[in-house]
Participant: 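Here's a structure for you.
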Amino acid sequence: MLIFFRSFRDQLRERERVRRLSCDVAAATEIRSPPEMEQFKGQPRLPKFATPKRYDIRLKPDLAACKFAGSVAVDVDVVGETKFIVLNAADLTIRDGTVSFTAKASSQVFEPCKVDLFEQDEILVLEFPGTLPIGLGVLAIGFDGTLNDRMKGFYRSTYEHNGEKKNMAVTQFEPADARRCFPCWDEPACKATFKITLDVPSDLVALSNMPIVDEKVEGHVKTVFYQESPIMSTYLVAVVVGLFDYVEDHTSDGVKVRVYCQVGKQNQGKFALDVAVKTLVLYREYFAVPYSLPKLDMIAIPDFAAGAMENYGLVTYRETALLYDEKHSAAANKQRVATVVAHELAHQWFGNLVTMEWWTHLWLNEGFATWVSYLATDSLFPEWKIWTQFLEECTEGLRLDGLAESHPIEVEINHAGEIDEIFDAISYRKGASVIRMLQSYLGAECFQKSLASYIKRHACSNAKTEDLWAALEEGSGEPVNKLMNSWTKQQGYPVVSIKIKDDKLEFEQSQFLSSGSPGDGQWIVPVTFCCGSYDARQSFLLETKFASIDLKETGAWIKVNVDQTGFYRVKYDEDLQAKLRYAIENEILSATDRFGILDDSFALCMARKQSLTSLVTLMAAYREELDYTVLSNLISVSYKIARIAADATPELMDYIKQFFIGLFQYSAEKLGWDAKEGESHLEAMLRGQILTALAEFGDESTLKEASRRFYAFLDDRSTPLLPPDIRRAGYVAVMQTANASNRSGFESLLRVYRETDLSQEKTRILGSLASCPDPNIILEVLNFILSPEVRSQDAVFGLAVCREGRETAWTWLKEHWENIWKTYGSGFLVTRFVSAIVSPFATFEKAKEVEDFFATRSKPSIARTLKQSIERVNINAQWVQSIQKEENLAEAVKELASRK
């Protein structure tokens, strides 16, 4: 599954703790269970005395009433002496007289004497009068449920067709919500085959994991029968029912691939279709195992909490992650579609064919899918320089893992309610980064062969992290398990400090924390470095706290962590840093290394290990930078410095903004406002970012030109003056001058939002609205994102308010918290409200205020996000105090601002 990170990313899906489950014996009121049934309460996993082998599921969704009826017959292997069957169920009503167990050997039918539930554990316990016979049997259960509006389980999504609002039925089961659709053993290790039958309105399209084998129509209802699936986990089962168009193609080995979308949007699916067909072929060759199903459907869902979900053979997506409109989508949207499709299709091998044994090993799914998606995208679009862009993933992993409230890649999960906490930048981004680090250390060819061996060995089964290490160790002869345990079993990462002493290069590792506090972690670090030339590259494993290496030449620049393949930070002494600054100015270093030096310096500045004066002096060396990824990070760092400086040294803000405007002027003039014939994908993406930054920093000429183009766009939506790649810059520029007495730009932008049916355009507008510096307008924007006009999945795009609006946003959050919790509390999106609004503050008093407010309102599922957000506020407060003590900052900033 791809969680929707994008800049405000980090982390966690939310669990609802109060469940409603009715059944024939235990109704809504709590009934005290007999002591022997208490043994199943509070257990992290289901008991193993009975395991599922095959599910025969029949579902009948009622899209008008938003309900569904169903039945399941599960082939169960009773492997231990028991009179109980325990499985998962939630939000279902078990119909009277529908539960039975039939022993296959004797055909004897057993009916339960008790049916009980533990609401917090989401388990259904069936007690039979006597011991069940060992061996195979069939467990039958009839049930009813609600097509909920929480984007989990079996839920409803809305769309318009011919001006009429309609419902579709959709499933989203990862991590543990199949139990909301049918009673099941809802754990990844409990793999089985699935035979699915649907009763649906005859005019609708009904999709599932496998191809249709038969269809019977009776009046307005059709019964659709699907081919039985291969063995798979419950979280990968999928059903979608609605009105759709599609485009279709085939791979060279005959796999039928389709992209489904709302009626009339099928042309927007062509790019994703092309990427999918090519990616399936690429993965078949890379993993040396063919795609294992006869078809692959990909479908755009209007209401979808995550970015996408890798259901076997039926991958579901947000519209923004699957659809690409040639006229109205930006280059960044095109890249997003390609990487998300590549990510989800990687899961068809890493996750679906070979599945993690338990959620502790989630990173095997998500870290690998993230890493492999870049491998595929680079193969399809080498001109995108996607491996340089991968550094943005790495930075987000480093950012979260620099907190004391982070967690290890492998984290124990003791309850289904804890699983959502680890769908974050650690599992995805740190996971992908340590895989890249390991591949770089072992070599690409050895790594690929070992992966292919791992997949063949564990196909149609489950695996743990240790199984992957064993395959890589076997293929490489290297002590992979020993090397990688320090990266996956402990949280955090090191900063490697470098200095020259007595003709020796000295290395010292210590744990990096953004707070500047000391940590006690130690890692086996694959160190790479160059001295004066990329031809003189050296490497070694730093297995202790200290190490030193003889230097032949002491006067040259030295770059450690070459091409940023290692997941660690580097701190240079002042002399070495000055030499690197010279190397940057003279274009000696690669883009990846220019990125790394800047990113490490920013992180060290935040941790108060380096002055802001030193950081802005380094940034000045990037004045003629033209690489997309490096400039993108330079812009991001500039935004963060502007925010913290406004708190620490407000009297310097005019100079700081002027410095940043000057920093981006060179690239802005090179790119211009209008696309040039034959320009690259990266130039198209960069133009929008640069112009947006200049607008936010108040560059007069940019604001004036952006406004001119915006009003031309209002008159003619097809004007070439405001193409998709610079549209956000136009929107942001207009919002910079919006206020209570000048509302025309704001209201015009709302009109564009209401008139477009393109999801990418809507999210682009929501993010731009939040940039307004007027608190009154910000309050209107925040109220707007909670209105019915904004799909609940999209509200988070309007939360990234500017500094002037943060107090307004905090007051708004407090006033609306009960409503927000009611709407979002059952999913991971609620954590975005907390992190986006709390994290930007920078006083100890505000940290205490936030803590006090949530003291009686926090839930277990937002606890970690809340702690991380408060930790960030405290880090910001310490940083402010540190900046205020810098003696030379004012002089340096004024001098830099005056440069032309």
Side-chain angles (χ1 to χ4, degrees), residues 21-26 31 33-41 43 45-60 69-90 92-118 121-145 178-179 181-197 225-234 237 460-462:
L21 179 79
S22 305
C23 54
D24 54 340
V25 174
I31 298 173
S33 303
E36 64 268 26
M37 298 184 86
E38 289 287 325
Q39 65 183 298
F40 306 118
K41 192 173 183 179
Q43 299 300 312
R45 300 177 69 165
L46 294 170
K48 300 189 186 307
F49 42 63
T51 56
K53 299 298 177 186
R54 178 184 185 271
Y55 291 83
D56 193 333
I57 303 165
R58 187 160 186 164
L59 298 170
K60 184 176 183 178
S71 62
V72 62
V74 192
D75 289 5
V76 176
D77 189 6
V78 179
V79 295
E81 190 172 297
T82 181
K83 63 176 183 177
F84 297 101
I85 291 180
V86 183
L87 66 165
N88 296 111
L92 298 173
T93 300
I94 307 302
R95 291 199 294 271
D96 290 344
T98 64
V99 183
S100 65
F101 179 82
T102 305
K104 283 202 172 180
S106 64
S107 298
Q108 185 178 355
V109 178
F110 299 80
E111 294 186 354
C113 57
K114 282 191 177 67
V115 178
D116 206 352
L117 68 109
F118 299 122
D121 294 281
E122 298 179 347
I123 56 173
L124 181 63
V125 181
L126 310 176
E127 182 182 356
F128 294 86
T131 302
L132 296 172
I134 298 290
L136 292 174
V138 178
L139 175 66
I141 305 174
F143 53 89
D144 296 295
R179 62 194 68 179
C181 182
F182 57 95
C184 58
W185 280 257
D186 204 7
E187 296 180 359
C190 297
K191 285 190 162 186
T193 61
F194 293 83
K195 182 81 175 73
I196 292 174
T197 305
F225 303 88
Y226 299 89
Q227 186 179 324
E228 188 165 332
S229 77
I231 189 170
M232 65 182 188
S233 304
T234 49
V237 175
C460 302
S461 186
N462 297 84

Participant: Below 4.5 Å, heavy atoms only, C-beta onward: do I85 and F128 meet side chain to side chain?
Facilitator: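 In contact.
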Participant: Below 4.5 Å, heavy atoms only, C-beta onward: do L87 and L139 meet side chain to side chain?
Facilitator: yes
Participant: Taking the side chain as every heavy atom from C-beta outward, state whether L92 and P183 have any atom pair closer than 4.5 Å.
Facilitator: yes
Participant: So does R179 get a backbone contact from the side chain of E122, meaning a donor-acceptor N/O pair under 3.5 Å?
Facilitator: no
Participant: Enumerate the residue pairs fulfilling side-chain hydrogen bond (donor to acceptor under 3.5 Å, both in side chains) with a member in residues 134-144, sequence neighbours excluded, ordered by first and then second residue.
Facilitator: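 Residue pairs with at least one partner in residues 134-144: R95-D144.
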Participant: Under the salt bridge (Lys or Arg N to Asp or Glu O under 4.0 Å) rule, what pairs show up with a residue in residues 128-140, not counting sequence neighbours?
Facilitator: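 Qualifying pairs, neighbours excluded: none.
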Participant: Nearest 0.5 Å please: distance from the CG atom of L132 over to the CZ atom of F49.
Facilitator: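 So the CG of L132 and the CZ of F49 are separated by 9.0 Å.
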Participant: Which pairs of donor and acceptor atoms, one on a side chain in residues 99-107, lie under 3.5 Å apart (sequence neighbours left out)?
Facilitator:
| unit_1 | atom_1 | unit_2 | atom_2 | d |
| --- | --- | --- | --- | --- |
| K104 | NZ | D75 | OD2 | 3.2 |
| S106 | OG | Q108 | N | 3.2 |

Participant: Identify the two heavy atoms, one from I134 and one from V79, that lie closest to each other, and give their separation to 0.1 Å.
Facilitator: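 In terms of heavy atoms, the two residues are closest at CD1-C, 4.0 Å.
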Participant: How long is the span from the OG1 atom in T82 to the NZ atom in K48, to the nearest 0.5 Å?
Facilitator: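 It comes to 14.5 Å.
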Participant: Within this structure, what is the CZ-CZ distance for the pair F225 and R58, rounded to the nearest 0.5 Å?
Facilitator: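 Rounded to the nearest 0.5 Å, the CZ-CZ separation comes to 5.5 Å.
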Participant: Check whether any side-chain heavy atom of N462 lies under 4.5 Å from a side-chain heavy atom of K191, and answer yes or no.
Facilitator: yes
Participant: Only counting residues at least two apart or in another chain, list the ones meeting side chain to side chain donor-acceptor pair (under 3.5 Å) with S233.
Facilitator: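 Here no residue qualifies.
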Participant: Decide yes or no for K41 and D121: does some side-chain heavy atom of the first lie under 4.5 Å from some side-chain heavy atom of the second?
Facilitator: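 Yes. Closest side-chain heavy atoms under 4.5 Å.
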Participant: Checking E228 now: which residues fulfil side-chain contact (heavy atoms from CB on, under 4.5 Å) with it, not counting sequence neighbours?
Facilitator: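 Once residues adjacent in sequence are excluded, the partners of E228 under the side-chain contact (heavy atoms from CB on, under 4.5 Å) criterion are R54, T193, K195.
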Participant: Nearest heavy-atom pair of D186 and A178: which atoms, and what distance?
Facilitator: OD2-N, 3.3 Å
Participant: Tell me every residue that passes ring pair (Phe, Tyr, Trp, His ring centres under 6.0 Å) with F143, counting only those two or more places apart in sequence or in another chain.
Facilitator: none
Participant: Among all residues two or more places apart in sequence or in another chain, which pass the ring pair (Phe, Tyr, Trp, His ring centres under 6.0 Å) test with F40?
Facilitator: F84
Participant: Against F194, only a single residue in D56, V72, V237 fulfils side-chain contact (heavy atoms from CB on, under 4.5 Å); can you say which?
Facilitator: V237
Participant: Residues two or more places apart in sequence or in another chain: which of them pass side chain to side chain donor-acceptor pair (under 3.5 Å) with N88?
Facilitator: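 Here no residue qualifies.
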Participant: How would you list, by chain and number, every residue that makes a side chain to side chain donor-acceptor pair (under 3.5 Å) with D77, sequence neighbours excluded?
Facilitator: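 Side chain to side chain donor-acceptor pair (under 3.5 Å) list for D77, sorted by chain: empty.
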